[in-house]
Amino acid sequence: MGDPVTLALGAQAGSSIFGGLAGAAEAKGEKKRAEINAYIGRTRAIQTDTDARVGLNDELATMRAALASNGQKQNVGTMALFDELRKQRGRERRVEVGNRMAEVADWKMAGKNAGAKAKSAMFGGLINAGPSLFRLYEYEKKKP
């Protein structure tokens, strides 16, 4: 077999290295989840924008139909009403899309942080294994 001290020091170094590998794998999983959530967020922002535009068109069509059913023709007053509605709904749409894109930015940042966390976990595992490897080297060097 092997010397128990050698095995113990080797196991200690190996556990540090494998701990670093496990931490790196976990952080890579976090990064992947963040990338997926950012993609979903962008999709939701696009859907929000599209829904708001369709909703505005429906509202304007309803108003036109209501005015036409009353026999009222379009004039400066009705156009001002339509313009004000467009302005208000456009502002609401921009705010909502902006909020969705802020979520996307948060997920992107989380992904970048997770990528850095993966690297630090890997290096941390190697650094933590260093003392055990040095002790193992010294022990093996002193053996007759």
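Bear in mind the structure is a predicted one, so any value in this text is a computation, not a measurement.
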Arg91 and Gln88 side chains, donor-acceptor separation under 3.5 Å: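 Side-chain D/A pair, Gln88 to Arg91: present.
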Working to the nearest 0.5 Å, report the span between [atom1] of [X] and [atom2] of [Y].
{"X": "Thr78", "Y": "Lys73", "atom1": "OG1", "atom2": "NZ", "answer": "12.0 Å"}
{"X": "Asn37", "Y": "Glu103", "atom1": "CG", "atom2": "CD", "answer": "10.0 Å"}
{"X": "Arg100", "Y": "Ile40", "atom1": "CZ", "atom2": "CD1", "answer": "11.5 Å"}

Which atom of Ala34 lies closest to which atom of Ala110, heavy atoms considered: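 That closest heavy-atom pairing would be CB-C, 4.1 Å.
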Distance-minimising heavy-atom pair for Lys108 and Ala38: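 Answer, listing the atom of Lys108 first, then Ala38: CG-CB, 4.2 Å.
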Listed partners of Arg86 passing salt bridge (Lys or Arg N to Asp or Glu O under 4.0 Å), at least two apart: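 Expected list: Asp83.
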Co-members of the apolar cluster containing Met63 [side chain, <4.5 Å]: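 Members other than Met63 - counting any ILVMFWY side chain reachable under 4.5 Å - are Leu56, Leu60, Leu67, Met79, Leu81, Phe82, Leu85.
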Neighbour count >12 (heavy atoms, 6.0 Å) for atom CZ, Arg44: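 No, CZ of Arg44 has 12 or fewer neighbouring heavy atoms, counting only those of other groups under 6.0 Å.
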Test: Glu96 and Arg93 ion pair at under 4.0 Å: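 No, Glu96 and Arg93 are not salt-bridged.
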Counterpart residues, side chain to side chain donor-acceptor pair (under 3.5 Å), relative to Arg53 (two or more places apart):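 Only Asp49 meet the side chain to side chain donor-acceptor pair (under 3.5 Å) criterion with Arg53.
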